[in-house]
Amino acid sequence: MIDLRLLRDDPDAARASQRARGESEEAVDQLLRADEARRAAVQRFEALRAEQKRLGKQMPKASGAEKAELLARTKELAAEVKAAETAVTEAETALRLAHLALPNLIEEGAPHGGEDDYVVLREVGERPEIPEPKDHLELGERLRAIDVERGAKVSGSRFYYLTGVGAQLQLGLLQLAISQAVEYGFTPVIPPVLVKPESMEGTGFLGAHASEVYRLEADDLFLVGTSEVPLAAYHAGEILDLDQPIRYAGWSSCFRREAGSYGKDVRGILRVHQFDKVEMFSFCRPEQAHDEHLRLLAWEEEMLAKVEIPYRVIDVAAGDLGSSAARKYDCEAWVPSQGRYREVTSTSNCTTFQARRLNIRYRDETGRPQVAATLNGTLATTRWLIPILENHQQPDGSVRVPKALQPYVGGRDVLNTVR
RNA sequence: GGAGGGCUCGCCUAGUGGCCGAUGGCGGCGGUCUUGAAAACCGCUAGGGGUGGUGACACUCCUCGUGGGUUCGAAUCCCACGCCCUCCGCCA
């Protein structure tokens, strides 16, 4: 949810943001009208209510005919107050709907347009020359690292087993991510992955993403698609000390239904229903958010450097930001078998949008509560195994292990085909 | 699965129909005292909304888990729901 006061002061900023996203400007005006209507309703109610309280105070002192008259008047008033209160409730509901419907204002500088209008900020690392690259699944199967056949047998399509060095590589990768995060002052967190509806709602994943989310009907709980959800909701309703940003590194499994992606990326483990991830999450003051965002990006790039894979950084266009983000940078790793870059990290600056929903605040210099800013960014996921295997493959199907990961596979620098 | 108990301002707690937005303690902050500290004493210490003002601020309304009901009037009475806790059983 965006700041309504800001919206009243400068509705054109919101309209411009909507245009950049390729979304309706009418949503802005709807919200403005709903805001206005609510304030009018509130004022009507308050006037009546004040009168009711005033007369009510006279009641104990009154007696006889005076009391009877008072009673008659207050009785009438009571009905009016109740009607006015109902009107306020209705206006508030309408406002909330309009409020939820409007996405975050984009950060100045974010590219305008849709999915394909991203801007490449830089390409980093040398793409390897591999004449006939094997894809990650073939490599993974030869190494006995990835087993999608049995994944499908046991759980269905888009499920897999990581076995042997596959399991070790993933654990090592995530461990490496946690170690780096801790080194930079993050608090490592292993959060719950089942959350209540309000936690899911608060983080904005029940809007456009609702069909992406697994819901456990019997218990009315949701499986999280990222630890961003339990990390953001961790401080819901709290007033934090944000002299310094508060940083968490969440380690969790993530679950996604991948509804509507039938036939897309069906081979291997690029797009799966369940994977593991280490996610950075920051709470900070709004004025710190921009710099914090760049720090998160830098930490992502540091991790990519550690596993020695070529990548590029893109500045995601406004129309592809999702409702919460004001700006988003993705790192895309080079995938030799596909001859293109694929997303492996994503860092979003949600400014105060998410925190406002979750009611997460801090105290400013004057001691007044203000809405905090939240940011998130990927530090490692199962998907990283793809560029790691593919970029480091050798003609015989063996795979070189990046130095940083060697300790996690028994010190080996090469993983050899099994059998 | 069964049976109980509880939800009040950071924490604990008082409050059974108007004088309660709410008592007291702890903690926190500020001050007095002290060379300094402790102790003692004094003061301050929830959040949100609306209106007015450039502003410090002023006035006002809402909030005692949530929603409804009774009543002229509800933290207090009634109903429903939610959440937390304890015990028993079962499973790990």
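Nothing here was measured: the structure is a model prediction, and the numbers come from that model. Throughout, protein chains are lettered first and strands after them, A, B, ... in sequence-line order, and every chain is numbered starting at 1.
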Q.
Does the protein touch nucleotides 60-82 of chain B at the base, only the backbone, or not at all? Give it as B, S and - per nucleotide, heavy atoms under 4.0 Å.
A. -BS-------S-BS---------
Q. Would you say the side chains of A:Glu301 and A:Tyr311 form a donor-acceptor pair under 3.5 Å?
A. yes
Below 3.5 Å, can you tabulate the donor-acceptor pairs from side chains in residues 69-83 of chain A to any protein atom, sequence neighbours excluded?
| residue | atom | partner | partner atom | Å |
| --- | --- | --- | --- | --- |
| A:Arg73 | NH2 | A:Glu51 | OE2 | 3.4 |
| A:Thr74 | OG1 | A:Leu70 | O | 2.9 |
| A:Thr74 | OG1 | A:Leu71 | O | 2.9 |

Q.
I'd like the C1' distance from B:U45 over to B:G21, given in whole Å.
A. 15 Å
Q.
Salt bridge or not between A:Asp220 and A:Arg215? Use side-chain N to carboxylate O under 4.0 Å.
A. yes
Q) Taking it one step at a time, do A:Gln170 and A:Thr382 satisfy side chain to side chain donor-acceptor pair (under 3.5 Å)? A) CA-CA 6 Å; A:Gln170 165 158 309; A:Thr382 301; 2.7 Å; yes
Q. So, is A:Gln43 near the phosphate of B:G50, with a side-chain N or O under 4.0 Å from OP1 or OP2?
A. no
(Q) If you assign A:Val42 and A:Lys196 each to the RNA chain B nucleotide with the nearest heavy atom, which residue ends up on the more 5' nucleotide? (A) A:Val42
(Q) Base, sugar-phosphate or nothing for A:Arg73? Non-hydrogen atoms, less than 4.0 Å. (A) nothing
Q: Starting at atom CG of A:Asp364, determine the distance to atom P of B:G47, rounded to an integer number of angstrom.
A: 11 Å
Q) Does any donor atom in the side chain of A:Asn359 or A:Arg357 lie under 3.5 Å from an acceptor atom in the other side chain? A) no
Q: Taking atom P in both B:G48 and B:G43, compute the distance separating them and give it to the nearest angstrom.
A: 27 Å
Q. Rounding to a whole Å, what distance do you find between A:Asn359:CG and B:A46:P?
A. 17 Å
Q: Just grab all the salt bridge (charged side-chain N to carboxylate O under 4.0 Å, His left out) pairs involving residues 247-256 of chain A, residues at least two apart or on different chains.
A: A:Arg247-A:Glu292
Q) Can we say A:Lys153 and A:Glu149 salt-bridge, meaning some charged N sits less than 4.0 Å from an Asp/Glu carboxylate O? A) no
**Q.** Residues A:Arg363, A:Asp241: salt bridge by 4.0 Å N-O rule
**A.** no
Q | Gap in Å between the two P atoms, one belonging to B:A75 and one to B:G17, rounded | A | 13 Å
Q: Please name the pair of heavy atoms, one in A:Leu105 and one in A:Ala326, separated by the smallest distance, quoted to 0.1 Å.
A: O-CB, 3.2 Å
Q) CZ of A:Arg368 versus P of B:U45: gap in Å, rounded? A) 15 Å
(Q) If the condition is side chain to side chain contact (heavy atoms under 4.5 Å, CB included), which residues does A:Ser24 pass it with, not counting sequence neighbours? (A) A:Glu26, A:Ala27
Q: Could you summarise the pairing of RNA chain B as dot-bracket text, marking Watson-Crick and G-U pairs under 3.5 Å with ( ) or [ ] inside the strand and | across strands?
A: ((((((((.[[[..)..(.....]]]((((((.......))))))(((((((....))))))).[[[[[..)....]]]]])))))))....
Q.
I'd like the C1' distance from B:C9 over to B:A22, given in whole Å.
A. 9 Å
Q) Which residue pairs satisfy the salt bridge (charged side-chain N to carboxylate O under 4.0 Å, His left out) criterion with at least one member in residues 175-202 of chain A, sequence neighbours excluded? A) none
Q | Closest nucleotide among B:G49, B:U51, B:G47 to the A:Arg39 side chain | A | B:U51
**Q.** All ring-ring contact (aromatic ring centres under 6.0 Å, His included) counterparts of A:Tyr214, not counting sequence neighbours
**A.** none
Q. Would you find more than 12 non-hydrogen atoms of other residues, nucleotides or ligands less than 6.0 Å from A:Glu287 atom CD?
A. yes
Q. With rounding to whole Å, what would you report as the distance between B:G89 and B:C84 at their P atoms?
A. 23 Å
Q. Reckon A:Arg363 touches a base, only the sugar-phosphate, or nothing at all at heavy-atom distances under 4.0 Å?
A. sugar-phosphate
Q: Using the C1' atom as the reference point in each nucleotide, state the distance between B:G18 and B:U71 in Å, no decimals.
A: 12 Å
Q: Give a yes or no on whether the backbone of A:Leu270 and the side-chain of A:Arg383 come within a donor-acceptor separation of less than 3.5 Å.
A: yes
Q.
Can you pull out the residues from residues 229-241 of chain A that lie within a 4.0 Å heavy-atom distance of RNA chain B?
A. none
Q | All side chain to side chain contact (heavy atoms under 4.5 Å, CB included) counterparts of A:Ala34, not counting sequence neighbours | A | A:Leu95, A:Ala98
**Q.** Neighbours of RNA chain B within residues 90-105 of chain A, by heavy-atom distance under 4.0 Å
**A.** none
Q | Salt-bridge contact A:Arg342-A:Asp265 (side-chain N to carboxylate O under 4.0 Å) | A | yes
Q: Return the residues of residues 2-13 of chain A meeting this criterion: a heavy atom under 4.0 Å from some atom of RNA chain B. Order them by number, or give none.
A: A:Arg5, A:Arg8
Q.
By the ring pair (Phe, Tyr, Trp, His ring centres under 6.0 Å) test, which pairs, at least two apart or in different chains, include something from residues 280-299 of chain A?
A. A:Tyr184-A:Trp299, A:Phe186-A:Trp299, A:His235-A:Phe283, A:Phe281-A:Phe283, A:His293-A:Tyr329
Q: Rounded to whole angstrom, note down the C1' distance from B:C64 over to B:G55.
A: 35 Å
Q: Using the C1' atom on both, measure B:U8 against B:A74 and round to a whole Å.
A: 14 Å
